[in-house]
Amino acid sequence: MKKIVVLGGGAGGLELATRLGHSLGKRKHAQITLIDRSQTHIWKPLLHEVATGSIDINTDGLNYRAHSTKHHYTFKLGTAYEIDAINKTISLTSISDDKGHEVLPARKVDYDILVLAVGSVSNDFGTPGVAEHCYFLDSHRQAERFQQALLTQFLRIHQLPGDQKLNISIVGGGATGVELSAELFHVAELLKSYGMEEITSEKVNVELIEAGARILPALPERIANNAKKELEQLGVNVLEDTCITEASYEGLMTKKGELHKADLMIWAAGVKAPKFLSEIEGLETTRNNQVLVKGTLQSTSYDDLYVIGDCCACKQANGSFVPPRAQSAHQMAALVHDNIVAEFKGQPLQEYEYKDYGSLVNLSKYSTVGSLMGNLMKGSMFIEGRLARFVYVSLYRLHLIAIHGWFKAMIIMAAQRVGKVVKPKLKLH
């Protein structure tokens with residue numbers, strides 16, 4: 001029986017493992033294995049809500065092991081640090097408990113077909129002090145770490161006398177930075193419901209710092225301008241054309257020599273694929289460690305190695321690369337599933353064509369702006385308000401359907417609506 005390994009349980013990886021489990025694993029045509037460094041999955045576009053406590057990973061996350069038993073694949077907990085593409089093995093690091101005792105030794109996992117879906121990590125571009133003094137939002141662990149620090153800072157403001165303020169600097173004007181900026185004000189308002197009457201939006205100073213000419217550079221200018229306007233109305237200080245050269249305990253230093261003091265600093269300025277990908281022998285990678293692929297999403301070096309999601313460098317007909325978005329990961333997962341099944345049947349493989357369905361940015365409860373249709377028509381339709389919010393929520397619902405099926409996804413959605421009534425609106429621990 002062939003061994004198919006999906007490395008990485010993000011949106012694309014989990015959807016693919018689920019599909020393969022039903023089409024090949026259930027019929028015992030192949031052994032499907034999903035490997036991830038975490039035991040819990042959360043949709044990555046929601047990490048900024050985990051970071052503010054709006055979402056609790058313990059109740060809103062998905063447990064891989066529980067999910068795997070119902071969807072005909074095997075889950076292995078582990079972090080890959082080396083791949084031998086010639087001998088078809090993946091090396092996983094050892095796992096230790098919180099006291100440093102080894103629970104699982106370093107292991108090797110064999111495969112016949114490997115799908116790389118390891119996503120991306122923040123790119124600090126070698127900026128001094130960033131790794132030591134800034135928070136990142138690459139995983140739910142990092143998001144929870146920031147949430148604890150944020151809660152501590154809010155408690156400080158609540159309990160100390162005087163006109164105390166919380167200064168937060170976010171570096172990177174992409175979707176994560178923009179959405180987090182708005183969510184922070186929402187959280188400040190909610191805290192009044194939990195006995196922190198001293199906390200108001202006026203007590204929070206949020207700076208959004210972008211090195212480029214405008215925030216949301218990957219999205220149409222009209223969306224960026226509307227998002228900026230909404231943020232400024234909330235009270236966010238949006239700084240464009242501002243390059244950060246150093247981070248310290250005090251704050252962030254700009255290229256012009258200005259120090260922006262901050263109690264909390266989040267780095268969300270660009271992403272890159274994990275470094276170990278560039279160290280795989282014979283594999284072609286980009287400067288950001290992404291793996292170059294053919295139209296079939298097989299690597300240019302090995303036909304038994306597919307790549308999807310943020311770590312995939314797939315060149316389009318116009319010469320640009322497919323953007324690292326949730327919708328592209330979803331589309332890639334669907335195509336790779338079909339191509340792997342086609343391989344088993346001896347049928348020709350299909351080529352990937354990215355379909356841009358538009359872009360949306362959710363500014364917490366305040367607003368949602370974006371465009372629909374993308375390259376499906378000659379122009380794009382600008383939307384905002386309730387319609388945009390409905391479409392944004394629908395993207396998450398489509399992800400739930402992909403990993404749970406229609407029936408269970410509907411039950412989960414209903415349970416989430418009930419949960420909003422009975423559960424606390426914020427995670428306070």
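Keep in mind that this is a model prediction, so the values were computed, not measured. Scope of the values below: all heavy atoms of this structure, side chains included, with no hydrogens, waters or symmetry mates.
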Kindly indicate, with the supporting measurements, whether the criterion side-chain contact (heavy atoms from CB on, under 4.5 Å) is fulfilled by E49 and I42.
CA-CA 11 Å; E49 294 188 43; I42 192 77; over 6 Å; no
Backbone N or O of N167 within a donor-acceptor pair of the D263 side chain at under 3.5 Å?
yes
Spell out, as yes or no, whether a donor-acceptor pair under 3.5 Å connects the side chain of H67 to the backbone of I403.
yes
What is the distance from atom CD of E144 to atom CD1 of I55, rounded to the nearest 0.5 Å?
11.5 Å
Short side-chain to backbone donor-acceptor contact, D310 and G119, under 3.5 Å
no
When you measure from the side chain of T242 to the backbone of I209, do you find a donor-acceptor pair of N or O atoms at a distance under 3.5 Å?
no
Please check if any side-chain donor atom of S54 sits under 3.5 Å from a side-chain acceptor atom of T52, or the reverse.
yes
Is it true that, when you exclude E132 itself, more than 12 heavy atoms of the residues, nucleotides or ligands shown sit nearer than 6.0 Å to its CD?
yes
Under 4.5 Å between any side-chain heavy atoms of L208 and V171, yes or no?
no
Can a salt bridge be assigned to the pair R214 and D241 using a cut-off of 4.0 Å between side-chain N and carboxylate O?
no
May I ask you to decide if T89's main-chain N or O and N87's side chain share a donor-acceptor pair within less than 3.5 Å?
no
Is any NZ, NE, NH1 or NH2 atom of the basic residue among D110 and K88 found under 4.0 Å from an Asp or Glu carboxylate oxygen of the other?
no
Between H140 and S38, do the side chains contain a donor N or O and an acceptor N or O under 3.5 Å apart?
yes
So Y396 and W43, would you call those rings parallel, tilted or perpendicular, with 30° and 60° as cut-offs?
tilted
Can you tell me how far apart CG (L239) and CD (E258) are? Round to the nearest 0.5 Å.
9.0 Å
Examine distances only and state if a side-chain atom of S68 and a backbone atom of T74 form a donor-acceptor pair shorter than 3.5 Å.
no
Look up atom CD in E240 and atom CD1 in I215, then write down how far apart they are to the nearest 0.5 Å.
6.0 Å
Going by an N to O cut-off under 4.0 Å, is there a salt bridge joining E15 and R19?
no
Give a yes or no on whether E279 atom CD has more than 12 heavy-atom contacts from other residues, nucleotides or ligands under 6.0 Å away.
yes
Quiz question: by atom type and distance under 3.5 Å, do the side chains of T296 and E351 form a donor-acceptor pair?
no
When you check the gap from the basic side-chain N to the acidic O, do D356 and R325 get nearer than 4.0 Å?
yes
Check each of D303, L305, D304 against Q298 using the side-chain contact (heavy atoms from CB on, under 4.5 Å) test, and report the only one that passes.
D303
Donor-acceptor pair, distance only, cut-off 3.5 Å: does the side chain of E102 make one with the backbone of S94?
no
Is there a side-chain contact (heavy atoms from CB on, under 4.5 Å) between L137 and W267? Walk through the geometry before answering.
CA-CA 8 Å; L137 299 181; W267 190 271; over 6 Å; no
Would you mind reporting whether I308 and V293 have side-chain heavy atoms less than 4.5 Å apart?
no
Could you tell me whether K203 atom NZ has more than 12 heavy atoms of other residues or ligands within 6.0 Å of it?
yes
Among V236, N237, I266, which one satisfies side-chain contact (heavy atoms from CB on, under 4.5 Å) with S181?
V236
Supply the atom-to-atom distance Q331 CD to Y354 OH, rounded to the nearest 0.5 angstrom.
6.5 Å
Kindly say whether A313 contributes a backbone atom to a donor-acceptor pair with the side chain of Q290 at under 3.5 angstrom?
no
Would you say H41's side chain and G9's backbone share a donor-acceptor pair under 3.5 angstrom?
yes
Before giving the answer on side-chain contact (heavy atoms from CB on, under 4.5 Å), spell out for Y302 and L283 the whole-Å C-alpha distance, their side-chain angles and the decisive distance to 0.1 Å.
CA-CA 8 Å; Y302 304 100; L283 212 59; 3.8 Å; yes
Contact summary for I340 and I4, nearest pair of heavy atoms
CG2-CD1, 3.8 Å
Do the side chains of D36 and L77 get nearer than 4.5 Å, heavy atoms only?
no
Testing the 3.5 Å rule here: is there a donor-acceptor pair between the side chains of R145 and Q142?
no
Which pair of non-hydrogen atoms, one from G78 and one from I35, has the smallest distance, and what is that distance?
O-CG2, 3.7 Å
Can you label the angle between the F75 ring and the Y64 ring as parallel, tilted or perpendicular, going by 30° and 60°?
parallel
Check: P105 main-chain N/O paired with R107 side-chain donor or acceptor under 3.5 Å
yes
Using side-chain contact (heavy atoms from CB on, under 4.5 Å), reason through F146 and V50 one step at a time and then give a plain yes or no.
CA-CA 9 Å; F146 174 77; V50 177; over 6 Å; no
Residue pair S301, E284: steps toward the side chain to side chain donor-acceptor pair (under 3.5 Å) verdict
CA-CA 7 Å; S301 309; E284 289 188 288; 4.6 Å; no
Interatomic distance, L166 atom CG to L184 atom CG [nearest 0.5 angstrom]:
8.0 Å
What one should report as the nearest heavy-atom pair of Q147 and G53 is CG-N, 3.6 Å
Any side-chain donor-acceptor pair under 3.5 Å between E207 and S169?
yes
Answer yes if the side chains of S91 and K108 hold a donor-acceptor pair under 3.5 Å, and no otherwise.
yes
Rounded to the nearest 0.5 Å, how far does CG of N339 lie from CG of L335?
4.5 Å
Is the closest side-chain heavy-atom distance between T33 and Y111 below 4.5 Å?
no
Would you say the side chains of N318 and S320 form a donor-acceptor pair under 3.5 Å?
yes
